[in-house]
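Heads up: the structure comes next, in structure tokens.
Just so you know, these numbers use all the heavy atoms, side chains as well, and skip hydrogens, waters and symmetry mates. Keep in mind that what you see is a predicted model, and the values were worked out from it rather than measured.
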Amino acid sequence: MKIINPVIKGFNPDPSFLRVGTDYYIANSTFQWFPGVQIHHSKDLINWELVERPLNSKRLLDMTGIPDSGGVWAPDLTYSDGKFWLVFSNVKSMRGAFKDTPNFLITAESIHGPWSDPIFLNSNGFDASLFHAPDGRKYLLNMVWDQRNYLHQFHGIQLREYSPEKKSLVGEPQIIWNGTADKITEGPHLYYINNNYYLFCAQGGTNWPHQEVVARSENLLGKYEVEPGDPLLTAMNTPHNYLQKCGHGSLIETQNHEWYLAHLMARPLHHPNESLIEPRGWSPLGRETSIEKIYWDEQGWPHIVGGNAGSKEVIAPTFVKQSSSIAKQTKIENFSQDKLGIEFNTLRLPAKKVGVSLTDKPGKLRLYGRESMSSLFNVAFVARRWQAFSFDAETAVNYHPTSYQQMAGVANYYDSTNYMAAYVTFNESVGRCIEVLSCDAEDFTFYLKEQAISIPDNVDSVYFRTKVRKESYNYAYSFDGETWVDIPINFDSLKLSDDYILMKYGGYAFFTGAFTGMFSSDLTGGKLPADFDYFKYCEL
């Protein structure tokens, strides 16, 4: 049996890997998307199902006004003392010398909750994780951010004891490891294996030079010795490898005493006229999650089976005797329930806070118009991840605007600076019509203008379809759901990627991936509702 990577497709980075009995869990970062933290479950490490998103209320997660790619970074999921422990960062600012990175802890007896109120831990760095020591004590690890820009900003890995009784950190913090010369040391996970403390860390930045390295010590506080030779995991020197950006890993031991590492990676695409190595590529699906098998050498150091660049196919655990093949995903949401399907997300705030209702018009998703798609505060946008390079996404919207400042339709979105939309609006010359908008790194284009597509008076619902085909995509519309007309504007899929935004802006942090979904904006303040009949996502 084989594990086929990536096991969790689409934007799902920074995996925290956990086994509880015969159940396996992976928790992933969600950044500005709500609910916070995605938790997938598996029994065989081959097939994974999204089962929980624990940070599902403003009580647990308040991301009002946070910047793009802020919010929930690198959750850490562990199990001890009969309950789950979830540590996460809620990053508030990233620009300039400072980062505001409050770290929190919540617990629950079941992976499905209910989860405790968040306990504030510290705010001097991110990628926090909890280590449950053999003697029963607990320790928080995190990288420390140094705002003094005349020094390196990644100061090292800090360890500090956590008291469950006091619900706070206690004692003095200690820097236990400063990393290697490659710097940018983050994502710490600590394990006690064969009488040694093993510290797994990411380094080199979460782009093409990304790595996972290991250091160990006989003592908790060090001194930590770095694994000799090459990093445990990196695709830095293998530009043709199927997996790229490999790093930020988390370790588990199976019930049969085999070892596996979950790690983030990306699958870049290229334009037809580009080299495969320069530029290295563009990853609209964002950073995904893969799994590698680990073996231990005679000196007690871990290694990746198949080589340290990572593999598309990985040997499954020996306890797996059979497993169904992974089918391409087709999902139709008819909005017949009183809550959104687990694959849908909103920006920064809970659905009800941004004008989303499944009860005001039963059987419809009603979006009350809010701010524009460029806002960091109150956007009525319900979306799901791109999880394949080629797919169709389709919906129908009943919407009757009377102002050009009222818009509702479909959008493909990277962040508030980079999105493209086809939507119903109003034009003084045409009346109710279809327009197409591009926000390309804050360069705005309205394509149809006075040639906007007029909507007949007898048409209530306008159908929209997004057609993604690897490096490009376009929109189509229909007035009856049967006869479709392509809008002859092709967009570059590869622009909806960390890589493109980093190239355009440089120097800042961009960490998400492409989403597709439904939006409604009403800049008049009237909150005009748009009613969506369904949402179909079909991988090709």
Side-chain angles (χ1 to χ4, degrees), residues 3 15-26 45 76-82 85 87 127-142 156-162 174-180 185-203 211-234 246-263 291-308 310 314-320:
I3 298 169
S16 175
F17 207 1
L18 173 65
R19 178 176 70 88
V20 181
T22 59
D23 292 295
Y24 294 85
Y25 300 96
I26 290 177
L45 303 191
D76 174 68
L77 182 66
T78 55
Y79 187 82
S80 180
D81 308 322
W85 305 68
V87 175
D127 289 6
S129 65
L130 198 62
F131 173 60
H132 304 274
D135 62 2
R137 298 166 76 178
K138 302 184 187 303
Y139 298 88
L140 186 79
L141 297 99
N142 61 271
I157 301 301
Q158 174 183 285
L159 180 139
R160 190 176 180 188
E161 187 172 359
Y162 172 76
Q174 306 254 5
I175 298 294
I176 62 171
W177 195 50
N178 294 112
T180 73
T185 306
E186 56 190 336
H189 291 282
L190 189 61
Y191 307 94
Y192 187 69
I193 303 169
N194 294 332
N195 300 316
N196 278 281
Y197 295 91
Y198 284 84
L199 182 61
F200 283 62
C201 288
Q203 69 174 18
Q211 306 164 42
E212 183 74 8
V213 293
V214 180
R216 73 180 179 196
S217 170
E218 294 180 352
N219 302 302
L220 177 63
L221 298 181
K223 182 178 180 179
Y224 282 83
E225 170 195 7
V226 181
E227 180 172 10
D230 294 332
L232 173 69
L233 176 70
T234 185
C246 299
H248 199 119
S250 180
L251 186 71
I252 59 98
E253 181 183 14
T254 72
Q255 59 266 41
N256 285 16
H257 307 295
E258 298 170 281
W259 294 86
Y260 287 86
L261 182 88
H263 65 92
I291 291 175
E292 310 293 341
K293 189 166 188 179
I294 295 287
Y295 73 92
W296 300 82
D297 66 22
E298 293 180 353
Q299 288 72 44
W301 290 109
H303 301 272
I304 303 290
V305 174
N308 77 332
V314 173
I315 299 169
T318 54
F319 67 79
V320 180

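Residues meeting the ring pair (Phe, Tyr, Trp, His ring centres under 6.0 Å) test with Phe319, sequence neighbours left out: none.
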Take Lys138 and Thr78, measure what side-chain contact (heavy atoms from CB on, under 4.5 Å) needs, and give me the verdict at the end.
-> CA-CA 11 Å; Lys138 302 184 187 303; Thr78 55; over 6 Å; no

Might you work through the side-chain contact (heavy atoms from CB on, under 4.5 Å) test for Val87 and Tyr162, ending with a clear yes or no?
-> CA-CA 12 Å; Val87 175; Tyr162 172 76; over 6 Å; no

Check step by step if side-chain contact (heavy atoms from CB on, under 4.5 Å) holds for Tyr24 and Ile291.
-> CA-CA 12 Å; Tyr24 294 85; Ile291 291 175; over 6 Å; no

side-chain contact (heavy atoms from CB on, under 4.5 Å) evaluation trace for Ile157 with Tyr224 = CA-CA 11 Å; Ile157 301 301; Tyr224 282 83; over 6 Å; no

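Using a distance-only test at 3.5 Å, with no hydrogens or angles considered, no donor-acceptor pair links the side chain of Glu161 to the main chain of Arg137. In this structure, the side chain of Asp127 engages the main chain of Gly187 through a donor-acceptor pair within 3.5 Å. For the pair Thr185 (side chain) and Gly156 (backbone), a donor-acceptor distance under 3.5 Å is absent. Between the side chain of Glu212 and the backbone N or O of Gly249, at least one donor-acceptor pair lies under 3.5 Å. Side chain of Arg19 to backbone of Gly21: a donor-acceptor contact under 3.5 angstrom is found. Of the possible donor and acceptor atoms, none in the side chain of Gln158 sits under 3.5 Å from a partner among the backbone N and O of Ile175. The backbone N or O of Gln299 lies less than 3.5 Å from a partner atom in the side chain of Asp297, making a donor-acceptor pair.
In this structure the side chain of Tyr191 reaches within 4.5 angstrom of the side chain of Ser250, judged on heavy atoms. Using a 4.5 Å heavy-atom threshold, the side chains of Glu292 and Cys246 count as separate. Counting only heavy atoms from C-beta outward, the side chains of Leu220 and Leu190 approach each other to under 4.5 Å. Taking 4.5 Å as the limit, some side-chain heavy atom of His189 sits within range of a side-chain heavy atom of Asp76. Side-chain atoms of Trp301 and Glu225, non-hydrogen and from C-beta on, do get closer than 4.5 Å to each other. Ile304 places a side-chain heavy atom less than 4.5 Å from the side chain of Leu232. Counting heavy atoms from C-beta on, the side chains of Pro302 and Phe200 come closer than 4.5 Å. Looking at Ile176 and Tyr197, their side chains never come closer than 4.5 Å, going by heavy atoms from C-beta outward.
Here the closest non-hydrogen pair linking Leu45 and Phe17 is CD2-CZ, 3.9 Å. Between Pro188 and Leu141, the closest heavy-atom pair is CG-CB, 4.1 Å. A pairwise comparison of heavy atoms in Gln203 and Val213 identifies NE2-CG1, 3.3 Å as the closest pair. Of all the heavy atoms in Gln211 and Pro231, the pair that sits closest is OE1-CG, 3.2 Å.
The environment of Glu253 atom CD is dense: over 12 non-hydrogen atoms of other residues, nucleotides or ligands sit within 6.0 angstrom. Crowding of Asn256 atom CG: a count of heavy atoms from other residues, nucleotides or ligands under 6.0 Å exceeding 12. Atom CD1 of Ile315 has 12 or fewer neighbouring heavy atoms from other residues, nucleotides or ligands inside a 6.0 Å radius.
Taken to the nearest 0.5 Å, the NE2 atom of His263 stands 10.5 Å off from the OG1 atom of Thr234. Between the CG atom in Leu18 and the OH atom in Tyr25 there is a gap of 8.0 Å [rounded to 0.5 Å]. Atom OH of residue Tyr139 and atom CG of residue Leu130 lie 11.5 Å apart, to the nearest 0.5 angstrom. To the nearest 0.5 angstrom, His248 atom NE2 is 7.0 Å from Glu186 atom CD. Distance check, rounded to the nearest 0.5 Å: CG of Asn142 to OG of Ser129 gives 8.0 Å. Summarising the geometry, atom NE2 belonging to His303 is positioned 13.0 Å from atom CG belonging to Leu233; distances are rounded to the nearest 0.5 Å.
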